[in-house]
There are 2 protein chains.
Amino acid sequence: MAAKRPGEAGVRRQERGRRRMQEILDAAEAVIAETGYEDATTNAIAARAGVSPGSLYQFFRNKDEILEALVQVFTERSRDFWHTRLDADTALLPLDELLDRIVHAMAVFKDERPAYWVLFHGSPTSARLARASEELHAGVAARLRTVFLWRVPGLPEERLDLLAKVSIATATGVFPLVMSAEGEQRGRVLAELKGMLLSYLGPVVGFGAVPRPVPAPAPTPAPPVT
Amino acid sequence: MAAKRPGEAGVRRQERGRRRMQEILDAAEAVIAETGYEDATTNAIAARAGVSPGSLYQFFRNKDEILEALVQVFTERSRDFWHTRLDADTALLPLDELLDRIVHAMAVFKDERPAYWVLFHGSPTSARLARASEELHAGVAARLRTVFLWRVPGLPEERLDLLAKVSIATATGVFPLVMSAEGEQRGRVLAELKGMLLSYLGPVVGFGAVPRPVPAPAPTPAPPVT
DNA sequence: GACGAACACGAACGATTGCTCGTACTTTGA
DNA sequence: TCAAAGTACGAGCAATCGTTCGTGTTCGTC
């Protein structure tokens, strides 16, 4: 007889089980990257993971719970990614160079993790994905706020939030255009995106390099690096 | 016995039939607006139209053909909409005023035709909707190119195209943010969008009002007004 | 008024999908 | 060593959805 509900707390996962969960999440990522979330069948995910459909439900209560777990993984991964790429020194660079790095990093991350992009972009027309993308956006927005704050220490919370959100929304909107462009054209579209963000952000966070304002302790505590 | 395949050419539609087709399209629009395209059931559309599921297939071969027809309707509707709102005189206004009208018109159209927005925004993560949104974007892009050309007659085709596409992509990206904002905040986000487009487009198409360049005949033939 | 075509109905088919269930093997811990 | 819990299987259930089909009604035309 089955002992306990799988998603419930109080299930003492064995080593083998934890490995399986990871395999399933990896499979889900791959399938989602190929077919999109709505078309990613639970059976397809199970097959991709080399596992029977039933086993899938030993670890996740339903399909949505897989999405949730994946979003959590991506949130952490994205946080680490941006933390290493957007440190205090980088933030103080001339704005165009900073944007260059950000936009370039986005492209890299997108190529490396296609499923991330699917969830990150998850359109507002799909209720299920809307929450996932919101969560992923929030993670990036938090980092952007910190970067902006490094450049302009006095910026009020509300303004920071708006700047970050609008910047992300812009990039989210333009990026499909970037990815659908071929060869040379892609660079040109990327340049437009950078130019747009530059002229939008410049007047607020400054175009040039920013001098170290204070030798005081860091404004935000460093997160644990993994 | 059933006479002919319904979607096929050579079906002599009666008055009643043409009315039914319109009712079905209206129903599809309403259902899509409420649930999104993927979740818009053919049965739900039929029920909404006050028609049996079978009758639906008297007029459309399958669900995708309904989408196609709807896209076509929207393309025409959108063309008329922007043609009346973005005429030659409007195009020569100071840029910030022009943008004000464009962005405001978008919001109006979105409120009036929620389903249009669903298809227009159709994310690149859904293969089916991608084509639909591309088609709708193309329609708006054509009008934007004309507007830009009115302001800067010498602008090369390629540049025009890029400007139009990037502008639309930006608006597409930021608009969900606009619509999710409440009350006062919405105006603030809209202002950001306008500011961004202003600083992006200004250097190319000019910030101020544009004087009538030539009293020559209109550069594009006026479309038939309905 | 009669014939064919268009219109209309709605039960039900076939395919798909998320998920369950009965069963059996493996690991853990006492 | 042995029972309880964890892991694994895969056939198949239940529900949904797009679509078909047999039948009956209305309309256009002569």
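Keep in mind that this is a model prediction, so the values were computed, not measured. Letters go in sequence order (proteins before strands), and every chain restarts at 1.
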Quiz item: Quick one: salt bridge (charged side-chain N to carboxylate O under 4.0 Å, His left out) partners of A:Glu68, sequence neighbours excluded?
Solution: none

Quiz item: Rounded to the nearest 0.5 Å, how far apart are OG1 of A:Thr75 and CZ of A:Arg77?
Solution: 11.0 Å

Self-check item: Atom-pair distance (CZ on B:Phe60; C1' on C:dA6), nearest Å
Solution: 15 Å

Quiz item: Among the nucleotides D:dT19, D:dG6, C:dA6, which one has an atom lying closest to any side-chain atom of B:Arg16?
Solution: C:dA6

Quiz item: Please give, in whole Å, the distance from C:dG18 P to A:Ile66 CD1?
Solution: 9 Å

Self-check item: Options C:dT20, D:dA8, C:dA8, nucleotide nearest the side-chain atoms of B:Phe59
Solution: C:dA8

Quiz item: What is the distance, rounded to the nearest whole Å, between atom CG of A:Leu56 and atom C1' of C:dC19?
Solution: 10 Å

Quiz item: Is a side-chain donor or acceptor of B:Gln185 paired with a backbone partner of B:Ala181 at a separation under 3.5 angstrom?
Solution: no

Quiz prompt | ring-ring contact (aromatic ring centres under 6.0 Å, His included) partners of A:Phe148, counting only residues at least two apart | solution = none

Quiz item: Out of curiosity, B:Phe81 CZ to B:Glu112 CD, how far, rounded to the nearest 0.5 Å?
Solution: 6.5 Å

Quiz item: Whole Å only: how far is the CZ atom of A:Arg61 from the P atom of C:dT20?
Solution: 11 Å

Exercise. Residues of residues 17-35 of chain A with any non-hydrogen atom less than 4.0 angstrom from an atom of DNA chain D: list those, numerically ordered, please.
Key: A:Gly17, A:Arg20

Quiz item: Ignoring hydrogens and angles, are the base of D:dA8 and the side chain of A:Gln58 linked by a donor-acceptor pair under 3.5 Å?
Solution: yes

Practice problem: Give me the residues of residues 36-55 of chain A where at least one heavy atom lies under 4.0 Å from an atom of DNA chain C, by number, or none. | Solution: A:Ala40, A:Thr41, A:Thr42, A:Asn43, A:Pro53, A:Gly54

Quiz item: Closest heavy-atom contact between A:Leu136 and A:Val71?
Solution: CD2-O, 3.9 Å

Exercise. Only counting residues at least two apart or in another chain, list the ones meeting salt bridge (charged side-chain N to carboxylate O under 4.0 Å, His left out) with A:Lys194.
Key: A:Asp100

Quiz item: Can you name the salt bridge (charged side-chain N to carboxylate O under 4.0 Å, His left out) partners of B:Glu38, sequence neighbours left out?
Solution: B:Arg128

Exercise. Scan B:Glu34, B:Glu29, B:Glu23 and name whichever one has a salt bridge (charged side-chain N to carboxylate O under 4.0 Å, His left out) with B:Arg48.
Key: B:Glu34

Exercise. Using whole Å, report how far CG of B:Asn62 lies from P of D:dG18.
Key: 11 Å

Exercise. Let me know the distance between OH of B:Tyr57 and P of D:dT20, rounded to the nearest Å.
Key: 7 Å

Exercise. Would you mind telling me which residue lines up with the more 5' stretch of DNA chain D, A:Gln14 or B:Arg12, judged by nearest nucleotide?
Key: A:Gln14

Quiz item: Rounded to whole angstrom units, what separation is found between the CZ atom of B:Arg13 and the C1' atom of D:dC27?
Solution: 14 Å

